[in-house]
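The structure under discussion appears below in the form of structure tokens.
Everything numeric here is computed off the predicted structure, so don't read it as measured data. In what follows, every chain begins at residue 1, and chains take the letters A, B, ... in the order their sequences are listed.
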4 protein chains.
Amino acid sequence: MSKPREEKYHAILDAATEAFALYGYFTCQVSKIAKLAGVADGTIYLYFKNKEDILVSLFSDRMGKFIQEILHSVVQYQTTQEKLLCIIRTHFRYLQENRSLAIVTQIELRQSDPKIREAISGPLRDYFHLIEQVLAEGIEREEIVLADVKVGRQMFFGTLDAVISDWVSSKKPRPLEGIEDLVFDLMRGAFRIKE
Amino acid sequence: MSKPREEKYHAILDAATEAFALYGYFTCQVSKIAKLAGVADGTIYLYFKNKEDILVSLFSDRMGKFIQEILHSVVQYQTTQEKLLCIIRTHFRYLQENRSLAIVTQIELRQSDPKIREAISGPLRDYFHLIEQVLAEGIEREEIVLADVKVGRQMFFGTLDAVISDWVSSKKPRPLEGIEDLVFDLMRGAFRIKE
Amino acid sequence: MSKPREEKYHAILDAATEAFALYGYFTCQVSKIAKLAGVADGTIYLYFKNKEDILVSLFSDRMGKFIQEILHSVVQYQTTQEKLLCIIRTHFRYLQENRSLAIVTQIELRQSDPKIREAISGPLRDYFHLIEQVLAEGIEREEIVLADVKVGRQMFFGTLDAVISDWVSSKKPRPLEGIEDLVFDLMRGAFRIKE
Amino acid sequence: MSKPREEKYHAILDAATEAFALYGYFTCQVSKIAKLAGVADGTIYLYFKNKEDILVSLFSDRMGKFIQEILHSVVQYQTTQEKLLCIIRTHFRYLQENRSLAIVTQIELRQSDPKIREAISGPLRDYFHLIEQVLAEGIEREEIVLADVKVGRQMFFGTLDAVISDWVSSKKPRPLEGIEDLVFDLMRGAFRIKE
DNA sequence: TATGAATGAGTTTTCATTCAT
DNA sequence: GATGAATGAAAACTCATTCAT
């Protein structure tokens with residue numbers, strides 16, 4: 001892929017993120033994405049197979065980067081406690097810096113259309129896997145107490161997700177920085193992490 | 001509202017719940033709901049203003065009953081510990097018995113369309129409020145330790161939601177009964193509930 | 001199929017015949033057929049699966065009737081000579097009375113699109129078969145002399161087709177009645193029919 | 001026209017013949033022709049005004065050569081009998097050697113689009129004219145008996161055309177050489193040519 | 001000349017909604 | 001009230017043609 005080609009590809013993906021966040025996938029016409037990206041409608045189809053492909057690409061590209069960033073940050077820490085805190089912080093920071101992506105994630109993560117779900121579920125599963133790994137390791141090292149890794153992950157991710165959900169739907173959201181420690185404190189209790 | 005009128009109203013709502021769960025709101029045609037309800041397409045419009053109104057009614061009706069049931073159950077308990085466990089159990093049991101509603105909730109709870117969001121958010125806010133009340137009361141009575149009621153609710157609801165989300169998307173879900181205690185144990189830790 | 005339903009079905013088919021004759025299949029928009037038939041665009045799709053289905057139905061319906069009429073007429077005659085003359089006359093008369101059908105036949109009979117070809121070829125093959133049967137019978141009864149039935153049919157049909165082709169493309173065509181005898185005289189010579 | 005320019009012109013025309021034969025004029029995209037010709041899409045428009053112009057040029061060029069070849073061959077013969085046989089043979093041989101052209105001719109000869117028809121009709125009319133001339137001369141010289149030259153031409157051309165039509169649509173066509181004599185024998189009867 | 005990325009007009013088809021019966 | 005045939009607005013997508021390089 002040449003430089004200008006890649007640039008336009010990402011311009012369209014950026015525009016789609018904005019547009020999907022604003023209108024939702026189904027309510028958003030391809031022409032709106034095109035206008036936002038500053039290209040003609042037909043140009044979209046030089047870069048994406050169809051509308052669905054835009055959404056799918058958006059997820060694998062953006063979510064991929066999100067997971068990548070979290071993975072990259074987590075490996076710098078040793079203890080389970082640090083790792084969990086790191087995930088919380090990176091999760092919040094990344095989505096705070098990419099509000100439209102956060103919205104799209106919130107909205108479209110739950111599409112029922114089987115084809116879309118399937119395409120989306122990939123990166124998310126990776127994330128779930130990472131969390132579960134950290135928890136399993138924590139149990140093994142006896143740094144945390146947890147009866148069921150899957151339920152542990154559900155609580156951990158569900159909490160972050162609920163926080164983001166509120167933040168996203170709030171008109172004037174308070175910065176997520178202030179919440180990190182509150183969330184972490186709950187996790188410390190839930191996972192019986194010693195002081 | 002006369003008896004037979006009310007019957008048909010609920011028949012359509014039941015059909016819509018099934019159909020939305022199966023296809024998703026946007027992908028589901030009104031004619032599919034009509035067929036499932038055993039009425040003509042036009043009949044739908046004698047009971048609902050438009051397609052959106054079906055979704056909105058579905059939420060206020062079904063979610064309303066859901067909240068009602070939880071409220072009703074919770075008041076039978078005294079301690080915060082018991083109340084939280086009661087919510088967990090009722091939440092899981094109700095959605096387990098109404099799988100289609102659970103799916104619709106998961107999927108459509110996060111519509112971006114502002115009109116739909118607004119309509120949906122009512123019953124949900126009631127639920128959030130209930131949880132927060134229980135938590136606030138628990139703090140006051142010193143039965144739990146919690147720095148921020150809102151974050152506490154986000155964790156509590158987010159966890160239940162994530163469990164349901166996994167359960168809903170699993171082809172062969174394990175019964176939710178086995179998970180209740182695991183979830184509650186995590187909450188006990190998070191909220192520092194004494195044994 | 002109820003009465004009014006069948007009426008509209010044929011109204012659309014009539015309109016399509018006119019429109020395809022006027023513009024050609026590809027150049028003719030579905031909306032033009034709808035306007036000509038006096039129905040809304042969407043109504044077309046209550047009666048036909050898609051644009052292609054209109055063309056296919058047109059052929060099986062119209063060509064079917066055409067063949068039917070020829071078959072019906074031919075059985076009334078005994079000698080090969082009479083039968084061939086009957087085919088010539090019926091062929092000319094039918095298409096003269098259905099000029100648009102004649103045009104559509106001329107134009108679309110030769111579509112390259114495999115799906116369309118296949119659908120169209122059915123009724124035509126029936127016609128070819130009929131002609132070949134008459135010729136084979138004539139040979140057997142020694143009423144005509146002909147080395148190869150297929151080539152005989154090609155000449156017979158090709159001649160009629162070429163006449164119609166000229167007639168169709170002429171702005172002010174001379175009536176086909178005057179040509180029947182000329183054509184038949186050529187056939188008589190070609191097939192060595194005795195006086 | 002310089003040499004290399006002319007080469008590319010014909011390369012495009014060759015490619016168009018193949019592509020139109022394969023897909024049909026309307027179903028064939030200009031980009032397919034370009035790819036087949038080994039040039040860029042835009043290059044096509046340095047040699048042809050538009051898509052239609054390719055088809056038109058194809059006919060005047062290819063059909064022109066076709067007529068030329070027939071004309072050239074026919075003048076070598078004296079008697080009407082010989083001339084007609086020569087036309088049959090050349091017609092069959094030329095199209096057998098240019099199957100794609102034969103297909104395109106069969107398919108597109110009958111376009112309804114008036115502009116296309118007009119452009120195509122030129123070379124065809126020349127051909128018709130040639131046949132009619134041979135026939136008129138035959139009548140004059142009393143080598144054939146024929147009441148109407150136009151109908152005679154219609155039969156003559158229609159027969160050749162029908163043979164080609166069958167040959168073109170057959171997956172495994174028998175060689176046309178075997179048919180020449182069969183066809184000629186029919187013509188001899190039709191035109192009352194003496195032995 | 002040659003390229004091929006970009007354009008945007010144009011077309012088929014769907015489907016929520018209406019309304020005559 | 002109930003029906004379901006008819007409507008027509010709306011939207012995804014295609015592709016002939018252009019033009020900056």
Round to the nearest Å and state the distance from [X] atom [atom1] to [N] atom [atom2].
{"X": "A/Ile12", "N": "F/dC13", "atom1": "CD1", "atom2": "P", "value": "14 Å"}
{"X": "B/Ile44", "N": "E/dC15", "atom1": "CD1", "atom2": "P", "value": "15 Å"}
{"X": "B/Phe48", "N": "F/dA2", "atom1": "CZ", "atom2": "P", "value": "13 Å"}
{"X": "C/Ile33", "N": "E/dT13", "atom1": "CD1", "atom2": "C1'", "value": "13 Å"}
{"X": "A/Phe26", "N": "E/dA16", "atom1": "CZ", "atom2": "C1'", "value": "16 Å"}
{"X": "D/Glu6", "N": "E/dT1", "atom1": "CD", "atom2": "P", "value": "13 Å"}
{"X": "B/Leu46", "N": "E/dA16", "atom1": "CG", "atom2": "P", "value": "17 Å"}
{"X": "B/Glu7", "N": "F/dA2", "atom1": "CD", "atom2": "P", "value": "12 Å"}

Can you name the atoms? Protein N/O to nucleotides 17-20 of chain E N/O, anything below 3.5 Å, with the distance.
unit_1, atom_1, unit_2, atom_2, d
E/dT17, OP2, B/Tyr45, OH, 2.9
E/dT17, OP2, B/Lys51, N, 2.9

**Message:** Taking Watson-Crick (N1-N3 plus N6-O4 or O6-N4) and G-U wobble (N1-O2, O6-N3), each under 3.5 Å, can you produce the dot-bracket string of DNA chain E? Use [ ] for crossing pairs and | for inter-strand ones.
**Reply:** .||||||||||||||||||||

**Item:** Rounded distance [0.5 Å steps], NE2 in D/His10 versus OG1 in D/Thr17
**Value:**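 Going from NE2 on D/His10 over to OG1 on D/Thr17, the span is 10.0 Å.
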
**Asked** Does F/dA6 have OP1 or OP2 sitting under 4.0 Å from an N or O in the side chain of C/Lys8?
**Response**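 The answer is yes; a side-chain N or O of C/Lys8 sits under 4.0 Å from OP1 or OP2.
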
**Asked** Does D/Tyr47 place a side-chain N or O at less than 4.0 Å from the phosphate oxygens OP1/OP2 of E/dA2?
**Response**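 D/Tyr47 to E/dA2 OP1/OP2: side-chain N or O found under 4.0 Å.
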
**Complete:** Contacts of C/Val39 and A/Gln29 projected onto DNA chain F by closest heavy atom; the upstream (5') one is C/Val39

**Modelled atom types, side-chain donor and acceptor of A/Gln68 and A/Lys65, under 3.5 Å** =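 No, no side-chain donor-acceptor contact under 3.5 Å.
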
Checking the side chain of [X] only, and the main-chain atoms of [Y] only, is there a donor and an acceptor separated by less than 3.5 Å?
{"X": "B/Lys51", "Y": "B/Cys28", "value": "yes"}
{"X": "A/Thr43", "Y": "A/Val39", "value": "no"}
{"X": "D/Arg62", "Y": "D/Leu101", "value": "no"}

**Item:** Verdict with reasoning, B/Ser57 to B/Tyr9, per side chain to side chain contact (heavy atoms under 4.5 Å, CB included)
**Value:** CA-CA 10 Å; B/Ser57 304; B/Tyr9 175 87; 3.7 Å; yes

**Prompt:** Cation over ring, B/Lys8 on B/Tyr47, under 6.0 Å and within 45°?
**Reply:**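 Checked: cation-pi criterion not met.
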
**Message:** Let me spell it out: for each of C/Cys28 and B/Cys28, pick the nucleotide of DNA chain E with the closest heavy atom. Which residue's pick is nearer the 5' end?
**Reply:**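 Upstream on the strand: C/Cys28.
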
**Message:** For A/Phe26 together with B/Tyr25, are the ring centres under 6.0 Å from each other?
**Reply:**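 They do not qualify: ring centres at least 6.0 Å apart.
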
**Item:** Side chain to side chain, B/Ile33 and B/Glu18, heavy atoms closer than 4.5 Å
**Value:** no

